[in-house]
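Written out below as C-alpha cells is the structure these notes cover.
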Amino acid sequence: VNSSLATQECRRCEALTYSFSPTDGCVGSVCGPRECVGCPTGARCEGGEDFQPAVPDSTWQLEEDLVRGVMVNRLVRCGPGHILVRDDEEGRSGLDQCVACPAGKYSVVDAVYPDVLRVE
C-alpha cells in the first residue's frame, strides 16, 4: 500500500509498461496506488524504466500527464521520411508514433511537435 513516500513499496513495471518517476501518483508526501504507464504505439517497453523508440531517430520528452498524475514520455520529433502522430488530449499519450511516409511520398525534414498531424 502506498500511503506515503516513506511507506511506498517498489515493484518493477511489467512488459508493455514503464515508469520513470518514483513519485507518480503522489501529492506532496501522500501517495496513492502507483500505476505503470502503458507503452505508446511508437515505442517498445520491456518493463521497469525500459523505453525504446520504435523509430531510432525519434525524440521523446518527459511530460506530466495531469489526468493520471504521472510522468509520461511524449513524442516531439520524427526524422525525415516520417509523419509525427500525437493525440493532444490529456491522458492519451498511447497513440504517439512516427509513421513512415506513404508510398511515393517523402519528407526531407524532421516532423516536429507542435507542427504535426493531430488525432481528434
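P80 is not listed as a side-chain neighbour of S107, based on a closest heavy-atom distance of 4.5 Å or more.
Under the 4.5 Å side-chain heavy-atom criterion for Ile, Leu, Val, Met, Phe, Trp and Tyr, M71 and F51 are members of the same hydrophobic cluster. Hydrophobic clustering, with ILVMFWY side chains joined whenever heavy atoms are under 4.5 angstrom apart, groups L62 together with V37. Connection of L84 to V55 is not established within any shared hydrophobic cluster, with ILVMFWY side chains joined at heavy-atom distances below 4.5 Å, either directly or through further cluster members.
Residues V108, V109 make up the rest of the hydrophobic cluster containing Y106, defined by ILVMFWY side-chain heavy atoms closer than 4.5 Å, directly or through other members.
Nearest heavy-atom pair across W60 and S58 is NE1-OG, 3.2 Å. Closest of all the heavy-atom pairs between C78 and H82 is CB-CB, 3.8 Å.
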Contacts table for residues 38-47: side-chain donor-acceptor under 3.5 angstrom, sequence neighbours left out:
unit_1, atom_1, unit_2, atom_2, d
T41, OG1, G94, O, 3.0

Problem set entry | Audit row: Q61, N73, side chain to side chain contact (heavy atoms under 4.5 Å, CB included) steps and yes/no | CA-CA 5 Å; Q61 175 178 296; N73 247 351; 5.7 Å; no
For this session: List the steps, then state whether side chain to side chain contact (heavy atoms under 4.5 Å, CB included) holds for D65 with E63.
Result: CA-CA 6 Å; D65 182 322; E63 297 180 8; over 6 Å; no
Exercise. Where do V72 and Y18 land on the side chain to side chain contact (heavy atoms under 4.5 Å, CB included) test, with the steps shown first?
Worked result: CA-CA 9 Å; V72 296; Y18 71 96; 3.6 Å; yes
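A distance of 11.0 Å separates CD in Q97 from CG in D87, rounded to the nearest 0.5 Å.
A donor-acceptor pair under 3.5 Å is formed between the side chain of R86 and the backbone N or O of L75.
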